[in-house]
Each structure stands twice: as C-alpha cells, then as structure tokens.
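Heads up: the structure comes next, in structure tokens.
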Amino acid sequence: MEVYNKRLFKILFLFLQTNKKLTGDSIALSVGVSSRTVRNDVKELNKILIQHSAEIIAEAGQGYYLKVKEEDKFGQFISTVQANNNKTEKQTIIPSDPEDRIRYIVTKLLLNSLISEGKIESFDIEEELYISTSTLNKDMRVVEKQLHKYGLKVSNTKRYGLRVVGEEAKIRYAISEYIFNNKSEIKDKGKDFYQHVFSEEATKRVEKILMQAIEEYKLQLSDLSFKNLLVHSLIMLKRFKNKKMVRYAKEDIELFSSTEEFNCAKCIIKEMNYQFQIKLGEEVYYLTQHLIASQRFLIDDPEEEYEYKEELQEILQEIKAGTNIDLSDDKQLINGLAMHLSAALQRLRFDMNIRNEFLDSIKNSYPLAFELAVVASNVLEKKHQLRSQENEIGFLAMHFGAALERKGLNRQIERKKVVIVCVAGVATAMLLKEKIQHNFGHRIQVVRTCSLQDVSQELIDSVDMVFTTIDLPQFHSKKIRKIKLFLQDTDLEQLGIYINEQSGTSQRVDYHRIFRKELFFKNMEFKTKQEILDYMTSIVKEKGFISEGVRQSIYKREEMATTELGSLVAIPHALLNDMEEAVVSVMILKKPIFWDEEKVQVILLLNIPQSKSDVWEIVFKNLYQYLINDSGVTKLIRNESYEQFIQELIAQDQNEYRNGKWRI
C-alpha cells in the first residue's frame with residue numbers, strides 16, 4: 001500500500017464522525033495546522049478518495065462535506081486503511097502532526113530499550129519522518145518533557161546514540177504505560193504488535209506460570225491487574241536478559257520478605273528460572289511489589305475494624321461537608337474503596353503507574369464523580385504525604401460514580417438497546433454503526449449489527465429498537481424503524497426525534513445568569529497558566545463570587561490533575577466550593593499558551609458549588625458538547641461576542657433535546 005500522510009486521514013475521519021459541514025477553520029483547529037494547509041490537504045486527500053468512489057466537496061461560505069458515490073467500495077477502503085494503520089512491520093501512514101511525531105519518537109526509544117534493535121541516530125528519525133534537523137530538535141524538547149513525567153531522560157552520545165536513561169523500575173513503568181497500555185492510534189497495535197515484541201509461545205508460558213502460582217496462593221487479582229502483572233513480567237524478562245535489574249533498599253526487602261505475596265513471587269521466579277533457563281535472583285522483589293499492588297481485599301462489615309477505615313471515614317465526611325452528599329451508609333462503596341486503597345497506596349508508595357483506559361470517559365461523562373475522587377485523593381495526600389496520579393483518581397471516580405448511580409445522583413439516562421440490520425457489506429455496516437453511535441451513543445447502545453438472515457422474533461424481543469436498511473415484511477413490531485444506509489443531516493434529526501420519544505424532558509439552565517457578561521474576557525494576552533489563574537480568580541473574588549479559601553482550592557485542584565479538555569480548552573475549578581452563587585468566567589486568549597500537557601486558548605473558570613451538583617453536571621456536559629464535539633471553541637476564538645456565545649449555548653441546548661441527545 002502507498003505511504004500516506006497521517007494528517008490526511010485525520011481529516012477524513014473528522015468527516016466520518018459528523019453529519020455536519022466542516023469549515024476550514026474548524027478542521028485546522030482539530031488537526032493543528034493553518035486553513036491554507038487544510039485546503040492543500042483536501043486536494044491531496046481527494047486524489048486518494050476519487051479512486052475509491054468518494055470526494056470532499058467545498059461549498060462557498062458553507063464549508064466542506066464528504067460525498068460518497070459507491071458506499072461498499074468506500075467502506076472497503078476505510079476498512080483497509082484501518083487495518084494497515086495497525087501494521088507494525090511496515091508503517092503505511094507517516095505521523096506528520098507534531099503530537100503524533102512525539103508519540104512515535106517516544107515509543108521508538110522505549111521500544112528500543114526493551115528489544116535492543118540497535119543504535120538510534122538522529123538522522124535515522126529525520127529520514128523516517130521526513131523532517132529537518134531543526135524540527136527534530138524542537139520535537140525532542142517535547143519528548144524530554146514526556147519522559148520527564150516518568151522520571152526519565154534522553155541521552156544522545158556517539159557510542160549509544162539516542163536512548164532513554166533513568167532508574168530501571170521507572171524505565172519499565174514507562175514501557176508498560178506508554179507502549180502497552182496506551183490507546184493512541186500509533187501504539188494501539190493489537191495482538192500482532194505484542195507478538196512482534198514477545199513471542200506467543202513465551203507469553204502463554206508466562207501467563208500459565210502466573211495463573212498457577214496465583215491460584216495456589218489464593219491471591220485475588222482483577223482481570224486488569226492480571227494483565228498488568230503479565231506485561232510487567234514479560235518486560236522484566238526482556239530487560240533482565242539485557243542485564244538490566246531493579247535494586248531495592250534493605251528496608252523494602254525486609255518488608256516484602258514478610259508477605260504472602262513474596263512466597264507466591266518465589267514460586268513464580270523458580271518456575272521462570274527453570275523454563276527460560278535464567279537466574280532472575282532479586283527480581284523476586286520486583287514481582288512481590290507488583291503482586292502486593294495488584295491484590296484485592298474484601299471486607300464483610302463496614303462497622304468492624306479494617307485497614308484505612310479512618311481515611312475512608314474522613315473522605316466521606318469531607319464529601320458530605322462540601323457537597324451535602326451523604327454516602328456513609330453505602331456498604332458497597334466502602335467495600336470497594338477499602339479494597340482499592342489497599343493496592344493503590346502501595347502503588348503510590350513505590351511511584352508505580354497503573355493503566356486506566358477509562359480515564360477520559362470518566363472525566364467527561366461523570367464530572368461530579370471525578371471531583372469527589374479528587375476530594376478523596378486530597379485526603380489521602382494529606383494523610384500519607386503521597387502525590388496522587390490522575391489514573392488512580394480515575395479509578396476512585398469509578399467507585400463514586402457507581403455510588404452516585406445508586407443514589408440516583410448521576411442523572412444518566414438508561415440507554416436503549418438497539419440492533420442494526422444492514423444488507424450491505426461488513427465494512428459499510430460498521431460505518432453505519434459508528435455514525436449512529438457517535439450521534440446517539442449516550443442514549444442508545446448498539447448491541448449487534450446483523451444481516452437479514454439473522455433477524456428473528458427472539459432477537460427483536462430482546463432489544464428496544466431495530467434500525468434496518470431493508471424492509472422486514474415478515475415481522476410486525478413498533479420497535480422496527482427503517483433508515484437509510486448513509487444518513488444525512490435530516491435523517492439523523494428524524495432519528496433523533498424518534499429516539500427522544502422514548503424518554504422524558506429535563507431541566508434547563510439560565511445561561512445569562514451563570515455566564516455573566518462582566519466575566520467574559522476576550523483577546524487577552526498572558527504567557528503562563530499561573531498568570532491566567534491569578535487574573536481570573538482575583539476578578540471573581542473582587543466581585544464576591546469566591547472567597548480566598550475557594551481561590552486557594554482552585555490552585556490546589558490544578559496541582560492534583562490537569563483540567564485540560566483538549567482542543568485548546570481548559571476548565572479550572574475549585575476542589576471544594578462553599579459559596580452560594582454558580583457562575584462561570586470565560587477568557588479567550590489572543591494566542592494559545594502551554595497549560596499542562598497541551599496548548600490552551602479558551603479558559604472557563606467554573607465556580608459552581610458542590611451543593612449545586614445538578615447544575616455542575618448540566619453545565620459541564622453542555623460545555624463539553626458545544627466546545628469540543630461541536631467545535632464551538634473555533635467560534636469563540638474567531639471573535640465571537642458574549643451574546644453570540646450565549647445564543648450558541650442556548651441553541652445547542654435546544655438541539656440536544658430535539659435531536660434526542662439531551663443527556664441529563
């Protein structure tokens with residue numbers, strides 16, 4: 001397959017994910033280039049698409065839209081592109097965007113640390129990525145920042161070339177987190193990628209060794225923890241063969257040696273030594289550490305004494321005091337948190353990273369639960385002097401999210417189960433499914449796509465709705481709704497109305513009252529996050545909307561986990577807020593600044609008391625939908641006025657309801 005510029009396909013997939021026309025400015029913002037570059041990219045992309053019965057059409061004053069002439073042919077092309085994007089031996093799509101290049105370079109360096117494929121020279125990367133020396137130097141500064149998060153550095157010498165240096169345990173954690181546990185496009189390689197690094201035979205042998213020992217010593221690990229243990233065991237074997245070992249202090253060795261997990265680790269090491277003909281020696285402590293950090297502990301009665309009871313009581317008291325939400329009688333929550341803390345605090349003590357593939361979904365779909373988890377993490381930080389990691393906060397949020405569901409406080413509408421009947425090919429059926437899920441995934445759950453032959457009365461009875469691209473004359477049910485194979489704007493609107501009929505209405509928000517005109521700042525010039533926070537918090541404090549305590553809480557919240565949303569947006573807010581009034585301050589910068597991990601140009605300082613959690617959920621989700629999913633940030637940056645901004649929010653709010661997307 002021909003080598004393609006990765007940015008072209010990022011643009012293509014923007015069209016596949018929306019039913020609207022896209023302006024050049026909104027595309028430019030999404031992929032991080034100028035509008036002029038977008039015009040050139042569209043021309044290049046059309047050279048490819050025309051060969052596959054599709055084309056991106058430009059309408060003067062309206063924007064671009066994707067026109068597909070032969071759906072099956074185009075669907076097959078998309079499937080081929082996705083399949084080739086997952087190949088590892090011969091990359092067919094070159095990372096061209098700075099962000100993708102950074103991921104590629106970091107992955108390459110870490111992977112070379114693992115499998116030692118040879119010396120990496122700067123000019124090798126330049127030739128691979130078709131970039132200049134100055135561009136690579138600029139990228140390497142960002143690479144250094146990425147690796148600094150793991151406590152690592154990049155060394156560049158004549159003898160060894162470019163390589164990652166640092167403590168062995170941290171190198172292993174970085175390899176696990178960045179390569180094997182990261183879900184970005186470049187690194188999500190699937191089974192083939194694992195086999196490229198670890199042979200299938202070796203993986204199965206290690207998996208069997210671990211399973212037998214864990215069962216013998218009756219340790220309790222979740223599926224995710226077991227997978228994490230397997231990956232770290234395989235990394236350990238690879239690094240040990242390269243004479244790279246983890247060293248522990250005497251007091252840590254004494255602590256590990258007194259545990260039941262140590263006996264299990266000894267059993268594992270003994271079997272690995274035999275099967276792989278090596279002597280792993282002190283790696284037994286490395287495995288012990290991971291076993292301790294992966295264990296689950298159940299408690300039978302929250303009234304009895306158990307580990308971390310004092311911390312849990314303080315967490316629940318803090319939440320009740322700050323939000324008026326009482327979770328102290330939720331036995332399931334207490335059990336889950338106690339079980340989680342036993343492992344989590346071990347991970348934090350040894351600065352161990354853990355994968356949380358649900359983090360983004362949790363932050364965006366359950367913002368209140370995430371904020372309760374931040375409160376809990378703050379208690380733990382003060383109690384144990386341990387810095388919480390965002391992944392760990394995300395796991396705590398899952399427990400609080402479930403607790404809020406049980407109390408009926410998450411306001412999530414139960415999703416309807418849907419089957420899609422499609423007579424076209426598999427690729428086209430998958431495109432149709434993705435289109436529907438992208439637009440209505442928060443209201444419906446597509447449980448299956450099938451052909452006409454697979455439709456039965458039993459299948460229809462098992463779901464709430466059946467969307468079909470062909471008539472089903474042999475079946476008579478109100479659940480069946482015929483749809484077009486390729487859904488246009490009007491089709492999606494009608495489908496949204498139909499879905500909306502299955503549920504009721506919800507409360508609205510007074511946007512003028514929450515988004516005050518006197519707190520709307522445009523064309524501002526600041527260089528750092530600190531300057532912005534100082535300015536915005538001082539204004540809202542002067543106007544009496546926050547106290548000094550709330551202001552300090554905003555700074556504390558920034559330290560605990562990033563408030564970036566992506567797409568140039570950040571939403572700083574307080575950890576705890578005991579004020580009465582709910583207001584949001586908006587700032588649009590002339591030029592973006594580096595926030596924590598990304599560039600930010602639109603800042604929304606949320607001042608919403610936790611006692612008004614219902615307002616928090618509505619405002620956060622509607623802002624996310626408007627700014628991120630509907631590219632409203634582009635309009636804000638392009639000199640949108642205060643009144644235009646408010647009208648856009650109100651219009652989007654009404655569309656959410658009309659199109660069946662009202663989620664609160």
Side-chain angles (χ1 to χ4, degrees), residues 16-17 19 68 70-76 78-80 82-83 190-191 222-224 227 332 357-358 361 365-366 398 401-402 405-406 408 410-506 656-664:
L16 294 176
Q17 292 167 0
N19 57 300
V68 177
E70 295 181 43
E71 294 165 0
D72 280 345
K73 186 175 180 181
F74 178 67
Q76 185 61 46
I78 294 300
S79 296
T80 303
Q82 291 174 325
K191 187 177 179 182
S222 67
D223 291 342
L224 184 61
K227 180 183 176 183
Q332 200 169 337
E357 59 193 21
F358 310 110
S361 297
S365 299
Y366 297 91
M398 294 171 74
E405 290 280 6
R406 289 191 289 273
N410 258 331
R411 299 180 173 266
Q412 296 287 316
I413 294 175
E414 183 180 356
R415 295 191 296 169
K416 302 292 183 183
K417 294 181 179 179
V418 174
V419 163
I420 297 175
V421 182
C422 183
V423 294
V426 174
T428 307
M430 291 303 294
L431 279 176
L432 179 61
K433 175 185 175 183
E434 290 301 321
K435 189 88 165 182
I436 290 174
Q437 287 201 147
H438 177 76
N439 283 275
F440 309 112
H442 42 276
R443 300 301 301 277
I444 64 172
Q445 177 187 6
V446 179
V447 295
R448 184 180 176 185
T449 59
C450 65
S451 64
L452 177 62
Q453 291 77 15
D454 295 326
V455 180
S456 65
Q457 189 61 50
E458 183 181 359
L459 177 64
I460 294 173
D461 292 340
S462 68
V463 297
D464 300 298
M465 288 174 271
V466 177
F467 299 157
T468 175
T469 62
I470 189 172
D471 290 323
L472 302 175
Q474 65 273 47
F475 299 102
H476 302 282
S477 173
K478 292 181 180 179
K479 297 179 180 181
I480 299 172
R481 183 176 182 84
K482 190 175 179 182
I483 61 174
K484 292 181 181 179
L485 189 59
F486 246 80
L487 299 168
Q488 301 302 321
D489 290 6
T490 53
D491 304 318
L492 286 166
E493 185 168 346
Q494 289 300 314
L495 188 58
I497 292 171
Y498 171 74
I499 293 171
N500 190 61
E501 290 171 355
Q502 310 302 312
S503 58
T505 62
S506 185
E656 288 281 285
Y657 174 71
R658 184 172 63 250
N659 291 337
K661 295 183 182 179
W662 189 258
R663 309 179 266 189
I664 307 300

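Because only heavy atoms are used, hydrogens play no part in the values below, and waters and symmetry mates are left out as well, while side chains stay in.
- Here the side chain of Lys479 pairs a donor or acceptor atom with the backbone of Val463 at under 3.5 angstrom.
- Of the listed residues (Asp491, Val421, Thr468, Ile436), just one forms a side chain to side chain contact (heavy atoms under 4.5 Å, CB included) with Ile483, and that residue is Ile436.
- Atom CG of Leu485 sits about 5.5 Å away from atom OG1 of Thr469, to the nearest 0.5 Å.
- Gln332 is linked by a side chain to side chain donor-acceptor pair (under 3.5 Å) to nothing, counting only residues two or more places apart in sequence or in another chain.
- Within the 4.5 Å cutoff, side-chain heavy atoms of Gln494 are placed close to those of Arg481.
- Atoms CD1 and CG, from Ile78 and Leu16 in turn, are 5.0 Å apart once rounded to the nearest 0.5 Å.
- Interatomic distance, Gln437 CD to Gln445 CD, rounded to the nearest 0.5 Å: 8.0 Å.
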Report the C-alpha separation of Val447 and Ser462 in whole Å, then their side-chain angles, then the decisive distance to 0.1 Å, and conclude whether the side chain to side chain contact (heavy atoms under 4.5 Å, CB included) test is met.
-> CA-CA 10 Å; Val447 295; Ser462 68; over 6 Å; no

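- Side-chain contact check for Ile444 versus Phe467: some heavy-atom pair is nearer than 4.5 Å.
- Leu452 places a side-chain heavy atom less than 4.5 Å from the side chain of Leu472.
- Asp454 CG to Arg448 CZ: the interatomic distance, rounded to the nearest 0.5 Å, is 5.0 Å.
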Please report the C-alpha distance between Cys450 and Val419 in whole Å, then the side-chain angles of each, then the deciding distance to 0.1 Å, and finally whether the side chain to side chain contact (heavy atoms under 4.5 Å, CB included) criterion is met.
-> CA-CA 8 Å; Cys450 65; Val419 163; 3.9 Å; yes

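- Remark: side-chain polar atoms of Lys416 are not paired, donor with acceptor, to backbone N or O of Ile499 under 3.5 angstrom.
- No donor-acceptor contact under 3.5 angstrom links the side chains of Glu458 and Ser456, judged on distance only.
- For the side chain to side chain contact (heavy atoms under 4.5 Å, CB included) with Val455, the qualifying choice from Ile470, Ile480, Ile460 is Ile460, the only one to do so.
- With sequence neighbours left out, Gln474 forms a side chain to side chain donor-acceptor pair (under 3.5 Å) with no residue at all.
- In this view, Lys484 satisfies the side chain to side chain donor-acceptor pair (under 3.5 Å) rule with no residue, not counting sequence neighbours.
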